[in-house]
Trainee: 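Structure in structure tokens, see below.
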Amino acid sequence: MSDDVLAIRDLHKRYGSGSRAVQANDGIDLTASAGQVVCLLGHNGAGKSTLVNQVVGIAAPDRGTIRLAGVDAVAHPARARALASVQAQANVPITGLTPRRAVDLVGRIRGGRRADVRRRTAHLLDALDLGPWADVPAEKVSGGVARLTAFAMAAVAPGRLVVLDEPTNDVDPVRRRLLWREIRAIADGGAAVLLVTHNVLEAETVVDHVTVLDRGRVVAQGTPAALSAAHPGRSLEDAYIHLVGQAQPAAARHPQEAAR
Ligand SMILES: Nc1ncnc2c1ncn2[C@@H]1O[C@H](COP(=O)(O)OP(=O)(O)OP(=O)(O)O)[C@@H](O)[C@H]1O
């Protein structure tokens, strides 16, 4: 039996119609297994968040299948959503709470036992070095602390799949290191992690598998080592830049957008 937690096949999603239509996902195949951190790379507008939003049931595909722990996530988005925990690209507002209270609350809502959730919350706040802000009203914490709190809210009671959309945004380099360690630990604990990031250099050391998107299509998939070895420069970042042609001006890569 396969240990795939997430299996996406031939996923298509278009926004709008006619000459202004955007094919945001164009036949994407992607798999994530228990214990794996699977990283989605791609330029701004490549279709990463569109894919994530379909996995968690915020958007419906035009075509294709998404299975999450055996559940058809397109037919049963609420069932699939219960199996996944998510850090969205935009932080969920937690005004009126403290970071500790927000993380604890999510853990309880997701069905964790009170003592387990309290322990896990304390671990995450400590591991991410959030101690000084743990009990400060959310409206007084910095952007980076808010981002780390949002991560902890996704990590406190991880489902079979943990979806992280740009978790390192706004986070300082020291705490980014702590954050990467916790991302790795989630997978080592048995969940599958689907990670969207622009932080290619740092992701390379932590992720198991990479999918590169360009204008809604998969242009490469493999381990960081295999992708690095197959492209000039031999780092994952060099491979990525080579693959998506980031050296070209945006207008050359997106003539249809430039013409608008
Ligand atoms: N609700 C929407 N309506 C219309 N177009 C959309 C919508 N959401 C996304 N798009 C378009 O779909 C394409 C893919 O967007 P998406 O947000 O998935 O990209 P992304 O890879 O996550 O980008 P970024 O790295 O900037 O977050 C873009 O061209 C975007 O403008």
Side-chain angles (χ1 to χ4, degrees), residues 6 8-30 32 37-66 73-74 77 80-81 84 86-92 143-144 146-147 150-151 154 161-171 176 179 183 193-204 207 209-221 227 236-237 239-260:
L6 178 66
I8 295 173
R9 298 288 172 260
D10 198 31
L11 198 70
H12 289 75
K13 178 71 182 176
R14 176 191 289 251
Y15 295 110
S17 58
S19 62
R20 291 197 169 267
V22 176
Q23 191 68 47
N25 285 173
D26 194 1
I28 294 175
D29 292 333
L30 183 148
V37 180
V38 172
C39 177
L40 209 48
L41 299 178
H43 55 81
N44 293 128
K48 304 177 297 298
S49 293
T50 297
L51 184 144
V52 160
N53 289 344
Q54 293 168 96
V55 170
V56 300
I58 293 171
D62 299 327
R63 200 165 92 215
T65 60
I66 304 171
V74 180
R81 180 67 184 78
V86 183
Q87 179 182 10
Q89 195 172 27
N91 292 340
V92 176
R147 196 69 192 140
F151 167 78
L161 175 72
V162 179
V163 178
L164 304 172
D165 196 344
E166 301 190 24
T168 60
N169 283 3
D170 296 330
V171 178
R176 282 207 304 274
L179 174 60
I183 291 171
V193 177
L194 178 61
L195 165 77
V196 174
T197 188
H198 291 296
N199 203 333
V200 188
L201 271 176
E202 292 176 6
E204 180 169 12
V207 309
H209 196 273
V210 178
T211 291
V212 182
L213 293 187
D214 186 12
R215 282 161 282 178
R217 293 192 177 180
V218 175
V219 292
Q221 281 183 320
L227 291 182
L236 183 60
E237 189 178 59
Y240 169 71
I241 289 170
H242 182 78
L243 280 162
V244 303
Q246 289 289 64
Q248 294 179 50
R253 287 184 282 111
H254 301 279
Q256 75 283 19
E257 287 175 18
R260 282 176 200 159

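Both backbone and side-chain heavy atoms feed into the values below; hydrogens, waters and symmetry mates do not. Keep in mind it's a predicted model, so treat the numbers as computed, not measured. We count ligands from 1, going down the list as the structure has it; atoms in each ligand are counted the same way.
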Trainee: At a 4.0 Å threshold, what atoms of ligand 1 neighbour a non-hydrogen atom of Q89?
Mentor: 27 (O)
Trainee: Are there more than 12 heavy atoms of other residues, nucleotides or ligands under 6.0 Å from atom CZ of R217?
Mentor: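 12 or below, so no.
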Trainee: Mind checking whether G47 has a heavy atom under 4.0 Å from ligand 1?
Mentor: yes
Trainee: Quick one about N25 and T50 (side-chain donor to acceptor, distance below 3.5 Å, no hydrogens or angles considered), yes or no?
Mentor: no
Trainee: With a cut-off of 4.0 Å, which atoms of ligand 1 are near a heavy atom of A46?
Mentor: 19 (O), 20 (P), 21 (O)
Trainee: Within the side chain of K48, is there an N or O that forms a donor-acceptor pair under 3.5 Å with the backbone of G42?
Mentor: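 Here the side-chain-to-backbone pair exists.
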Trainee: Is a side-chain donor-acceptor pair under 3.5 Å present for D26 with Q23?
Mentor: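 Short answer, no.
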Trainee: Which is closest to atom 15 (O) of ligand 1 in terms of heavy atoms, N169, V196, T50, L40?
Mentor: T50
Trainee: Below 3.5 angstrom, do we get any N/O pair linking V22 and ligand 1?
Mentor: no
Trainee: Does the side chain of V38 come within less than 4.5 Å of L6's, by heavy atoms?
Mentor: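 With C-beta onward as the side chain, the pair stays apart.
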Trainee: Would you check whether A24 has a nitrogen or oxygen atom less than 3.5 angstrom from a nitrogen or oxygen atom of ligand 1?
Mentor: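 Looking only at distances, the answer is no, because the N/O contact criterion of under 3.5 Å is not met.
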Trainee: What atoms in ligand 1 come closer than 4.0 Å to a heavy atom of H198?
Mentor: 25 (O)
Trainee: Backbone N or O of D10 within a donor-acceptor pair of the D29 side chain at under 3.5 Å?
Mentor: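 At least one qualifying donor-acceptor pair exists.
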Trainee: Against heavy atoms of N44, which atoms of ligand 1 measure under 4.0 Å?
Mentor: 23 (O), 24 (P), 25 (O), 26 (O)
Trainee: Using distance alone, determine whether G42 and ligand 1 share an N or O pair under 3.5 Å.
Mentor: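 Min N/O separation from ligand 1 is not below 3.5 Å for G42.
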Trainee: For the side chain of Q54 and the backbone of A73, is there at least one donor-acceptor N/O pair under 3.5 Å apart?
Mentor: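 Checking the backbone N and O of A73 against the side chain of Q54, no donor-acceptor pair under 3.5 Å is found.
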Trainee: Show which atoms of ligand 1 fall inside a sub-4.0 Å distance from at least one heavy-atom site of E166.
Mentor: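 Result: 25 (O), 27 (O).
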